[in-house]
Amino acid sequence: MPKVYIAMSADVLHQGHINVINEGQKYGEVIIGLLTDEAIATYKRLPIISYNERKVIFENIKGVSQVVPQKTLDYTENLEALKPDYVVHGDDWRSGVQKIIREKVIATLAKWGGKLIEVAYTKNVSCSEIETKVRILENTPDNRRAKLRRMLALKPYVNVMEASNGLTGLICENSKYVDEEAGTSREFDGMWVSSLCDSSFKGKPDIELVDLTSRIRTIEEIMEVTTKPIILDGDTGGKTEHFTYNVKTLERLGVSAIIIEDKTGLKQNSLFGTDAKQVLDDPHEFAKKIKAGKTAQVTRDFLIFARIEALIAGYGIDEAITRAKIYVEEGCADGIMIHSKEKDGAEIKEFLRRFREYSKDIPVILVPTSYNQFTEDELCKWGANIIIHANHMLRSAYPAMKNCAESVLKHHRSLEASEKYCIGIKEVLSLIPGTKQ
(Lines give C-alpha, C1' and ligand atoms only; values in the text may rest on other atoms or scores of the structure.)
Protein backbone atom coordinates (compact mmCIF):
# COMPACT_ATOMS: atom_id res chain seq x y z
CA MET A 1 0.00 0.00 0.00
CA PRO A 2 1.11 3.60 -0.48
CA LYS A 3 2.60 5.22 2.63
CA VAL A 4 0.87 8.24 4.17
CA TYR A 5 2.82 10.30 6.68
CA ILE A 6 1.02 12.52 9.20
CA ALA A 7 3.01 14.53 11.76
CA MET A 8 1.30 15.47 15.03
CA SER A 9 2.08 16.64 18.55
CA ALA A 10 -1.49 16.31 19.81
CA ASP A 11 -1.18 16.09 23.55
CA VAL A 12 -4.74 17.42 23.39
CA LEU A 13 -6.49 15.18 20.86
CA HIS A 14 -9.61 16.60 19.16
CA GLN A 15 -11.86 15.94 16.17
CA GLY A 16 -9.62 17.91 13.82
CA HIS A 17 -6.82 15.38 14.34
CA ILE A 18 -9.23 12.50 13.67
CA ASN A 19 -10.42 14.20 10.47
CA VAL A 20 -6.83 14.39 9.20
CA ILE A 21 -6.20 10.72 10.03
CA ASN A 22 -9.46 9.67 8.32
CA GLU A 23 -8.46 11.62 5.22
CA GLY A 24 -5.04 9.96 5.24
CA GLN A 25 -6.60 6.47 5.26
CA LYS A 26 -8.14 7.19 1.87
CA TYR A 27 -4.67 7.28 0.32
CA GLY A 28 -2.91 4.37 2.00
CA GLU A 29 -1.21 3.11 5.16
CA VAL A 30 -1.14 5.84 7.81
CA ILE A 31 2.13 6.42 9.67
CA ILE A 32 1.99 8.97 12.49
CA GLY A 33 5.16 11.00 13.03
CA LEU A 34 4.64 11.85 16.68
CA LEU A 35 6.63 14.83 17.92
CA THR A 36 8.78 13.96 20.90
CA ASP A 37 8.58 15.90 24.16
CA GLU A 38 11.93 17.51 23.28
CA ALA A 39 10.64 18.64 19.87
CA ILE A 40 7.49 20.18 21.35
CA ALA A 41 9.50 21.94 24.04
CA THR A 42 11.51 23.78 21.37
CA TYR A 43 8.52 25.77 20.13
CA LYS A 44 5.90 25.85 22.87
CA ARG A 45 5.19 24.78 26.44
CA LEU A 46 5.90 21.30 27.68
CA PRO A 47 3.35 18.75 26.48
CA ILE A 48 0.61 17.96 28.96
CA ILE A 49 0.91 14.25 28.14
CA SER A 50 4.30 12.59 27.70
CA TYR A 51 5.49 11.04 24.43
CA ASN A 52 5.04 7.45 25.64
CA GLU A 53 1.48 8.17 26.77
CA ARG A 54 0.63 9.90 23.50
CA LYS A 55 2.18 7.03 21.54
CA VAL A 56 -0.14 4.51 23.21
CA ILE A 57 -3.15 6.67 22.35
CA PHE A 58 -2.23 6.94 18.66
CA GLU A 59 -1.37 3.26 18.37
CA ASN A 60 -4.94 2.49 19.38
CA ILE A 61 -6.64 4.84 16.93
CA LYS A 62 -8.41 3.01 14.12
CA GLY A 63 -6.56 3.32 10.84
CA VAL A 64 -3.11 4.09 12.28
CA SER A 65 -0.66 1.37 11.25
CA GLN A 66 2.53 2.72 12.84
CA VAL A 67 3.76 5.48 15.17
CA VAL A 68 7.32 6.77 14.83
CA PRO A 69 9.07 9.55 16.76
CA GLN A 70 9.64 12.87 14.99
CA LYS A 71 12.52 14.49 16.86
CA THR A 72 12.32 17.99 15.35
CA LEU A 73 9.73 20.30 13.82
CA ASP A 74 11.48 19.68 10.51
CA TYR A 75 10.01 16.63 8.73
CA THR A 76 13.04 16.07 6.50
CA GLU A 77 14.81 13.30 8.44
CA ASN A 78 11.69 11.15 8.78
CA LEU A 79 10.52 11.78 5.22
CA GLU A 80 13.87 10.77 3.72
CA ALA A 81 13.95 7.62 5.87
CA LEU A 82 10.36 6.53 5.10
CA LYS A 83 9.89 8.06 1.62
CA PRO A 84 6.10 8.28 1.93
CA ASP A 85 3.90 8.66 -1.12
CA TYR A 86 1.79 11.27 0.65
CA VAL A 87 1.99 13.73 3.52
CA VAL A 88 -1.37 14.82 4.93
CA HIS A 89 -1.78 18.01 6.95
CA GLY A 90 -4.42 20.61 7.75
CA ASP A 91 -4.44 23.63 5.46
CA ASP A 92 -3.86 26.03 8.38
CA TRP A 93 -0.08 25.91 7.87
CA ARG A 94 -0.07 27.83 4.59
CA SER A 95 0.64 30.99 6.57
CA GLY A 96 2.21 31.72 9.92
CA VAL A 97 5.14 30.07 11.64
CA GLN A 98 4.67 26.70 9.89
CA LYS A 99 4.82 28.12 6.36
CA ILE A 100 8.57 27.45 6.05
CA ILE A 101 8.14 23.86 7.29
CA ARG A 102 5.41 23.31 4.67
CA GLU A 103 7.71 24.53 1.90
CA LYS A 104 10.46 22.14 3.02
CA VAL A 105 7.99 19.24 3.05
CA ILE A 106 6.95 19.98 -0.54
CA ALA A 107 10.58 20.23 -1.66
CA THR A 108 11.53 16.97 0.07
CA LEU A 109 8.56 15.03 -1.33
CA ALA A 110 9.44 16.23 -4.83
CA LYS A 111 12.67 14.19 -4.72
CA TRP A 112 10.70 10.94 -5.20
CA GLY A 113 7.43 12.26 -6.58
CA GLY A 114 5.53 12.36 -3.30
CA LYS A 115 2.49 14.57 -2.85
CA LEU A 116 1.14 16.87 -0.14
CA ILE A 117 -2.57 16.50 0.66
CA GLU A 118 -4.11 19.35 2.66
CA VAL A 119 -7.31 18.96 4.66
CA ALA A 120 -9.65 21.87 5.34
CA TYR A 121 -9.14 23.16 8.89
CA THR A 122 -11.88 21.90 11.21
CA LYS A 123 -14.12 24.82 12.12
CA ASN A 124 -15.01 25.74 15.70
CA VAL A 125 -12.05 23.82 17.09
CA SER A 126 -9.24 25.81 18.71
CA CYS A 127 -6.42 23.65 19.99
CA SER A 128 -4.94 26.61 21.91
CA GLU A 129 -8.26 27.28 23.70
CA ILE A 130 -8.65 23.61 24.61
CA GLU A 131 -5.05 23.47 25.81
CA THR A 132 -5.49 26.59 27.94
CA LYS A 133 -8.52 25.08 29.68
CA VAL A 134 -6.73 21.78 30.26
CA ARG A 135 -3.61 23.51 31.65
CA ILE A 136 -5.73 25.38 34.20
CA LEU A 137 -7.30 22.11 35.33
CA GLU A 138 -3.94 20.35 35.65
CA ASN A 139 -2.30 23.28 37.45
CA THR A 140 -2.01 21.46 40.76
CA PRO A 141 0.94 22.01 43.14
CA ASP A 142 2.42 18.62 42.24
CA ASN A 143 2.25 19.21 38.48
CA ARG A 144 3.51 22.77 38.69
CA ARG A 145 6.40 21.93 40.99
CA ALA A 146 7.61 19.19 38.61
CA LYS A 147 7.71 21.39 35.50
CA LEU A 148 11.13 22.93 36.03
CA ARG A 149 12.85 19.57 36.44
CA ARG A 150 11.09 18.35 33.28
CA MET A 151 12.23 21.42 31.37
CA LEU A 152 15.84 20.94 32.42
CA ALA A 153 15.66 17.40 31.02
CA LEU A 154 14.03 18.39 27.71
CA LYS A 155 15.27 21.87 26.75
CA PRO A 156 18.78 23.14 25.96
CA TYR A 157 18.12 25.96 28.46
CA VAL A 158 15.26 27.47 30.44
CA ASN A 159 14.54 31.20 30.11
CA VAL A 160 12.94 32.90 33.12
CA MET A 161 11.46 36.37 33.58
CA GLU A 162 10.92 38.30 36.81
CA ALA A 163 7.35 38.41 38.09
CA SER A 164 6.47 40.29 41.27
CA ASN A 165 2.67 40.37 41.35
CA GLY A 166 -0.35 38.95 39.55
CA LEU A 167 -0.19 41.40 36.64
CA THR A 168 3.50 40.85 35.86
CA GLY A 169 2.85 37.13 36.24
CA LEU A 170 0.13 37.33 33.59
CA ILE A 171 2.48 39.20 31.27
CA CYS A 172 5.14 36.50 31.70
CA GLU A 173 2.54 33.80 31.21
CA ASN A 174 1.11 35.20 27.98
CA SER A 175 4.00 36.99 26.25
CA LYS A 176 4.94 35.40 22.95
CA TYR A 177 7.14 36.46 20.06
CA VAL A 178 6.38 34.95 16.65
CA ASP A 179 8.98 35.11 13.89
CA GLU A 180 7.14 34.02 10.76
CA GLU A 181 10.20 34.34 8.53
CA ALA A 182 12.18 31.92 10.68
CA GLY A 183 9.15 29.76 11.40
CA THR A 184 9.61 30.01 15.18
CA SER A 185 7.79 31.31 18.23
CA ARG A 186 9.17 31.95 21.71
CA GLU A 187 7.76 32.46 25.18
CA PHE A 188 9.11 32.43 28.72
CA ASP A 189 9.54 29.07 30.41
CA GLY A 190 9.16 30.23 34.00
CA MET A 191 9.01 33.06 36.51
CA TRP A 192 11.53 34.45 39.01
CA VAL A 193 10.11 35.93 42.21
CA SER A 194 12.89 38.32 43.14
CA SER A 195 13.56 39.55 46.64
CA LEU A 196 14.72 42.90 45.25
CA CYS A 197 11.64 43.40 43.10
CA ASP A 198 9.16 42.10 45.65
CA SER A 199 10.63 44.48 48.25
CA SER A 200 10.74 47.42 45.81
CA PHE A 201 7.12 47.03 44.68
CA LYS A 202 6.22 47.13 48.38
CA GLY A 203 8.38 50.25 48.88
CA LYS A 204 10.77 48.43 51.24
CA PRO A 205 14.59 48.14 51.17
CA ASP A 206 16.10 44.90 49.87
CA ILE A 207 17.59 43.77 53.20
CA GLU A 208 15.42 40.69 53.88
CA LEU A 209 12.95 43.02 55.59
CA VAL A 210 9.98 41.51 53.73
CA ASP A 211 9.41 38.23 55.55
CA LEU A 212 8.47 34.88 54.03
CA THR A 213 4.81 35.22 55.01
CA SER A 214 4.52 38.34 52.86
CA ARG A 215 6.51 36.76 50.05
CA ILE A 216 4.28 33.69 50.08
CA ARG A 217 1.30 35.98 49.55
CA THR A 218 3.05 37.36 46.45
CA ILE A 219 3.67 33.81 45.21
CA GLU A 220 0.03 32.90 45.77
CA GLU A 221 -1.13 35.97 43.81
CA ILE A 222 1.02 34.89 40.87
CA MET A 223 0.02 31.23 41.12
CA GLU A 224 -3.69 32.05 41.08
CA VAL A 225 -3.48 33.42 37.53
CA THR A 226 -0.55 31.55 35.94
CA THR A 227 0.67 28.01 35.26
CA LYS A 228 4.42 28.29 34.65
CA PRO A 229 7.06 27.11 37.16
CA ILE A 230 8.29 29.54 39.81
CA ILE A 231 11.84 29.96 41.09
CA LEU A 232 12.08 31.89 44.36
CA ASP A 233 14.91 34.21 45.32
CA GLY A 234 15.47 33.01 48.89
CA ASP A 235 18.19 35.52 49.87
CA THR A 236 20.44 33.78 52.43
CA GLY A 237 17.78 31.27 53.42
CA GLY A 238 17.81 32.57 57.00
CA LYS A 239 18.56 30.30 59.92
CA THR A 240 18.97 26.64 59.05
CA GLU A 241 16.22 25.64 61.46
CA HIS A 242 13.82 28.05 59.74
CA PHE A 243 14.98 27.13 56.26
CA THR A 244 13.92 23.51 56.64
CA TYR A 245 10.34 24.54 57.47
CA ASN A 246 10.28 27.09 54.65
CA VAL A 247 11.34 24.43 52.15
CA LYS A 248 8.35 22.29 53.11
CA THR A 249 6.00 25.29 52.85
CA LEU A 250 7.23 26.23 49.37
CA GLU A 251 7.06 22.61 48.29
CA ARG A 252 3.40 22.35 49.34
CA LEU A 253 2.56 25.54 47.41
CA GLY A 254 4.00 24.12 44.19
CA VAL A 255 7.11 26.31 43.90
CA SER A 256 9.69 24.52 41.73
CA ALA A 257 12.94 25.83 43.23
CA ILE A 258 14.59 28.17 45.68
CA ILE A 259 17.98 29.83 45.26
CA ILE A 260 19.87 30.84 48.40
CA GLU A 261 23.11 32.84 48.49
CA ASP A 262 26.25 32.18 50.52
CA LYS A 263 26.38 35.53 52.30
CA THR A 264 25.79 36.35 55.94
CA GLY A 265 24.90 39.43 57.96
CA LEU A 266 22.72 42.31 56.75
CA LYS A 267 22.04 41.79 53.07
CA GLN A 268 23.72 44.09 50.53
CA ASN A 269 22.55 43.89 46.93
CA SER A 270 25.08 41.98 44.83
CA LEU A 271 25.20 44.56 42.06
CA PHE A 272 26.88 46.98 44.47
CA GLY A 273 29.84 44.56 44.34
CA THR A 274 32.76 45.55 46.54
CA ASP A 275 31.32 49.08 46.89
CA ALA A 276 29.26 47.56 49.71
CA LYS A 277 30.57 45.15 52.31
CA GLN A 278 29.83 41.62 51.12
CA VAL A 279 30.40 39.07 53.89
CA LEU A 280 30.57 35.45 52.71
CA ASP A 281 29.37 32.58 54.87
CA ASP A 282 31.71 29.72 55.74
CA PRO A 283 31.22 27.35 52.76
CA HIS A 284 30.96 24.22 54.92
CA GLU A 285 28.33 25.83 57.15
CA PHE A 286 26.39 27.00 54.12
CA ALA A 287 26.57 23.46 52.69
CA LYS A 288 25.01 22.21 55.93
CA LYS A 289 22.07 24.58 55.40
CA ILE A 290 21.52 23.27 51.88
CA LYS A 291 21.79 19.67 53.07
CA ALA A 292 19.25 20.34 55.82
CA GLY A 293 16.85 21.72 53.22
CA LYS A 294 17.34 18.71 50.95
CA THR A 295 16.77 16.37 53.86
CA ALA A 296 13.58 18.20 54.86
CA GLN A 297 11.91 18.20 51.46
CA VAL A 298 9.30 15.54 50.78
CA THR A 299 9.23 15.32 46.98
CA ARG A 300 11.96 14.66 44.46
CA ASP A 301 10.83 17.54 42.24
CA PHE A 302 11.70 20.50 44.48
CA LEU A 303 15.12 21.97 43.69
CA ILE A 304 17.54 23.88 45.91
CA PHE A 305 20.23 25.89 44.12
CA ALA A 306 23.30 27.42 45.76
CA ARG A 307 24.10 30.99 44.73
CA ILE A 308 27.83 31.75 44.85
CA GLU A 309 28.83 35.34 45.65
CA ALA A 310 32.62 34.89 45.54
CA LEU A 311 32.99 36.88 42.31
CA ILE A 312 30.79 39.66 43.66
CA ALA A 313 32.91 39.90 46.82
CA GLY A 314 36.15 39.99 44.81
CA TYR A 315 37.52 36.58 45.86
CA GLY A 316 38.01 35.30 42.31
CA ILE A 317 37.25 32.20 40.26
CA ASP A 318 39.33 29.74 42.32
CA GLU A 319 37.25 30.51 45.41
CA ALA A 320 34.02 30.29 43.39
CA ILE A 321 34.94 26.86 42.00
CA THR A 322 35.96 25.61 45.46
CA ARG A 323 32.64 26.72 46.92
CA ALA A 324 30.68 25.17 44.04
CA LYS A 325 32.26 21.78 44.70
CA ILE A 326 31.57 22.00 48.44
CA TYR A 327 27.92 22.90 47.89
CA VAL A 328 27.43 20.03 45.45
CA GLU A 329 29.40 17.39 47.33
CA GLU A 330 28.60 18.28 50.95
CA GLY A 331 25.30 20.08 50.53
CA CYS A 332 23.84 17.99 47.69
CA ALA A 333 22.77 21.21 45.93
CA ASP A 334 20.69 20.57 42.81
CA GLY A 335 22.61 23.24 40.91
CA ILE A 336 24.78 26.33 41.10
CA MET A 337 24.00 29.97 40.43
CA ILE A 338 27.10 32.03 39.73
CA HIS A 339 26.77 35.81 39.94
CA SER A 340 28.95 38.60 38.57
CA LYS A 341 28.67 42.35 38.13
CA GLU A 342 31.45 42.55 35.50
CA LYS A 343 30.15 43.77 32.15
CA ASP A 344 32.44 41.78 29.81
CA GLY A 345 31.23 38.37 31.01
CA ALA A 346 34.79 37.02 30.99
CA GLU A 347 34.83 35.68 34.52
CA ILE A 348 31.45 34.01 34.07
CA LYS A 349 32.66 32.31 30.89
CA GLU A 350 35.83 31.13 32.63
CA PHE A 351 33.89 29.86 35.64
CA LEU A 352 31.61 27.85 33.36
CA ARG A 353 34.56 26.42 31.45
CA ARG A 354 36.17 25.19 34.64
CA PHE A 355 32.94 24.04 36.26
CA ARG A 356 32.03 22.01 33.16
CA GLU A 357 35.37 20.23 33.48
CA TYR A 358 34.19 19.23 36.96
CA SER A 359 30.60 18.34 35.93
CA LYS A 360 28.85 18.22 32.57
CA ASP A 361 25.37 17.71 34.00
CA ILE A 362 24.84 19.81 37.14
CA PRO A 363 22.59 22.78 36.22
CA VAL A 364 24.15 26.24 36.26
CA ILE A 365 22.01 29.37 36.56
CA LEU A 366 23.04 32.78 35.22
CA VAL A 367 21.56 36.23 35.84
CA PRO A 368 23.11 38.32 33.03
CA THR A 369 21.97 41.72 34.28
CA SER A 370 25.45 43.24 33.93
CA TYR A 371 26.58 41.31 30.84
CA ASN A 372 23.29 41.41 28.93
CA GLN A 373 24.95 41.88 25.53
CA PHE A 374 25.15 38.09 25.26
CA THR A 375 22.16 36.17 23.92
CA GLU A 376 20.62 33.22 25.70
CA ASP A 377 21.94 30.90 22.99
CA GLU A 378 25.48 32.20 23.57
CA LEU A 379 25.21 31.72 27.33
CA CYS A 380 23.86 28.22 26.76
CA LYS A 381 26.92 27.39 24.65
CA TRP A 382 29.11 28.55 27.54
CA GLY A 383 27.33 25.99 29.74
CA ALA A 384 24.29 27.72 31.25
CA ASN A 385 21.06 25.78 31.85
CA ILE A 386 18.80 28.45 33.36
CA ILE A 387 18.95 32.13 32.38
CA ILE A 388 17.07 34.58 34.58
CA HIS A 389 16.10 38.11 33.54
CA ALA A 390 15.85 39.17 37.13
CA ASN A 391 14.44 42.69 37.48
CA HIS A 392 13.31 43.97 34.10
CA MET A 393 9.59 44.25 34.85
CA LEU A 394 10.39 46.50 37.81
CA ARG A 395 12.93 48.58 35.92
CA SER A 396 10.65 49.10 32.92
CA ALA A 397 7.58 49.89 35.02
CA TYR A 398 9.24 52.58 37.12
CA PRO A 399 10.17 55.06 34.35
CA ALA A 400 6.82 54.57 32.62
CA MET A 401 4.87 55.32 35.81
CA LYS A 402 7.16 58.21 36.74
CA ASN A 403 6.79 59.84 33.31
CA CYS A 404 3.02 59.41 33.47
CA ALA A 405 2.78 61.03 36.91
CA GLU A 406 5.02 63.95 35.92
CA SER A 407 2.98 64.52 32.75
CA VAL A 408 -0.25 64.85 34.73
CA LEU A 409 1.42 67.33 37.08
CA LYS A 410 2.86 69.32 34.19
CA HIS A 411 -0.31 69.58 32.11
CA HIS A 412 -2.89 69.68 34.93
CA ARG A 413 -4.76 66.87 33.14
CA SER A 414 -4.23 63.28 32.03
CA LEU A 415 -4.77 63.71 28.26
CA GLU A 416 -1.09 63.90 27.34
CA ALA A 417 -0.16 61.06 29.68
CA SER A 418 -2.94 58.87 28.26
CA GLU A 419 -1.84 59.50 24.69
CA LYS A 420 1.89 59.07 25.27
CA TYR A 421 2.36 56.62 28.14
CA CYS A 422 -0.84 54.59 28.55
CA ILE A 423 -2.51 51.75 26.69
CA GLY A 424 -6.28 51.45 26.55
CA ILE A 425 -7.91 50.08 29.68
CA LYS A 426 -9.62 47.37 27.59
CA GLU A 427 -6.24 45.96 26.65
CA VAL A 428 -5.36 45.68 30.33
CA LEU A 429 -8.71 44.11 31.19
CA SER A 430 -8.37 41.57 28.36
CA LEU A 431 -5.33 40.15 30.15
CA ILE A 432 -7.23 39.52 33.39
CA PRO A 433 -8.93 36.09 33.51
CA GLY A 434 -12.68 36.19 34.03
CA THR A 435 -13.09 39.87 33.10
CA LYS A 436 -16.26 40.46 31.08
CA GLN A 437 -15.75 42.69 28.05
Side-chain angles (χ1 to χ4, degrees), residues 46 50 138-155 158 160 163 189-195 198 208 210-220 222-224 226-264 281-309 323-338 359 361-365 367 385-386 388:
L46 296 182
S50 72
E138 63 96 37
N139 190 33
T140 63
D142 287 342
N143 286 336
R144 186 166 193 159
R145 186 193 316 111
K147 286 179 181 178
L148 181 60
R149 190 180 283 275
R150 285 183 65 202
M151 286 179 179
L152 286 168
L154 295 175
K155 298 172 71 69
V158 176
V160 178
D189 297 315
M191 288 170 276
W192 165 248
V193 179
S194 158
S195 173
D198 198 3
E208 297 187 79
V210 178
D211 64 14
L212 187 68
T213 301
S214 178
R215 302 204 61 206
I216 285 173
R217 184 58 199 144
T218 298
I219 293 169
E220 289 175 334
I222 296 169
M223 283 187 158
E224 285 173 3
T226 65
T227 64
K228 293 185 177 182
I230 287 175
I231 302 174
L232 177 66
D233 175 4
D235 290 322
T236 65
K239 293 182 178 180
T240 300
E241 295 82 0
H242 298 174
F243 182 59
T244 56
Y245 281 95
N246 294 340
V247 163
K248 292 178 181 180
T249 299
L250 296 170
E251 203 176 12
R252 284 196 303 271
L253 286 173
V255 172
S256 294
I258 186 171
I259 299 178
I260 58 173
E261 60 189 75
D262 58 353
K263 290 194 296 195
T264 188
D281 199 355
D282 176 86
H284 301 285
E285 292 300 314
F286 186 70
K288 289 178 183 178
K289 184 185 294 186
I290 298 169
K291 185 64 179 293
K294 292 303 297 177
T295 302
Q297 72 180 69
V298 177
T299 69
R300 175 182 175 273
D301 295 320
F302 188 76
L303 302 170
I304 300 177
F305 297 119
R307 171 170 162 173
I308 298 172
E309 295 286 288
R323 285 175 174 265
K325 292 178 180 179
I326 292 171
Y327 302 155
V328 169
E329 295 168 9
E330 296 182 19
C332 300
D334 293 297
I336 297 296
M337 175 177 157
I338 183 65
S359 172
D361 302 320
I362 294 171
V364 175
I365 302 98
V367 182
N385 303 97
I386 300 176
I388 299 175

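None of these values were measured; they are calculated from a predicted model.
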Which pair of heavy atoms, one from Phe302 and one from Thr299, lies closest together, and at what distance? N-OG1, 3.6 Å
Who are the side-chain contact (heavy atoms from CB on, under 4.5 Å) partners of Arg300, not counting sequence neighbours? Arg149
Considering all heavy atoms, the nearest Lys289-Thr236 contact: NZ-O, 2.9 Å
For the pair Asp281 (side chain) and Asp262 (backbone), establish whether a donor and an acceptor sit closer than 3.5 Å, ignoring hydrogens and angles. no
I need the minimum non-hydrogen distance between Val193 and Arg215, along with the two atoms involved. O-NH2, 3.0 Å
Would the distance check show the side chain of Asp233 and the main-chain N or O of Asp235 forming a donor-acceptor pair, the cut-off being under 3.5 Å? yes
Roughly how far apart are Phe286 CZ and Thr264 OG1, rounded to 0.5 Å? 10.5 Å
May I ask you to test the Val247-Lys294 pair for a side-chain heavy-atom distance under 4.5 Å? no
Atom pair CE/CD of Met337 and Glu261 - distance to nearest 0.5 Å: 8.0 Å
Over all heavy atoms of both residues, which pair between Ile362 and Val328 is shortest? Give the atoms and the distance, please. CD1-CG1, 3.5 Å
Does any donor atom in the side chain of Arg144 or Thr226 lie under 3.5 Å from an acceptor atom in the other side chain? yes
Can you confirm whether Ile386 sits close enough to Leu152 that some side-chain heavy atom of one is under 4.5 Å from a side-chain heavy atom of the other? yes
Within 6.0 angstrom of Lys291 NZ, more than 12 heavy atoms from elsewhere: no
N-O pairing of Glu285 and Lys288 below 4.0 Å: yes
Salt-bridge test for Lys147 and Asp189: reply yes if a basic N is under 4.0 Å from a carboxylate O, no otherwise. no
Can you tell me how far apart CG (Asn246) and CD (Glu241) are? Round to the nearest 0.5 Å. 11.5 Å
Distance in Å, Leu148 CG paired with Phe305 CZ, rounded so as to fall on 0.5 Å steps: 5.5 Å
Given Ile304 and Gln297, is the side chain to side chain contact (heavy atoms under 4.5 Å, CB included) satisfied, shown in steps? CA-CA 10 Å; Ile304 300 177; Gln297 72 180 69; 4.0 Å; yes
When rounded to the nearest 0.5 Å, the distance separating CD of Glu329 from OG of Ser359 is 10.0 Å
So which heavy atom on Ile219 is nearest to which on Leu232, and how close? CD1-CD1, 4.0 Å
Using a 4.5 Å cut-off on heavy atoms from C-beta on, say whether the side chain of Ile259 contacts that of Ile388. yes
Quick one, Val367 with Trp192, criterion side chain to side chain contact (heavy atoms under 4.5 Å, CB included). Give me CA distance, side-chain angles, the key distance, then yes/no. CA-CA 11 Å; Val367 182; Trp192 165 248; 5.7 Å; no
Mind listing the closest non-hydrogen atom pair of Phe243 and Gly293 along with its distance? CE2-CA, 3.8 Å
With the side chain counted from C-beta on, respond yes when Leu253 and Ile230 share a heavy-atom pair under 4.5 Å apart, and no when they do not. no
Between the NZ atom in Lys228 and the CG atom in Leu46, the distance rounded to the nearest 0.5 Å is 10.0 Å
Using the rule given for side chain to side chain contact (heavy atoms under 4.5 Å, CB included), can you reason through Val160 versus Ile365, listing the C-alpha separation, both sets of side-chain angles and the distance that settles it, and then say yes or no? CA-CA 10 Å; Val160 178; Ile365 302 98; over 6 Å; no
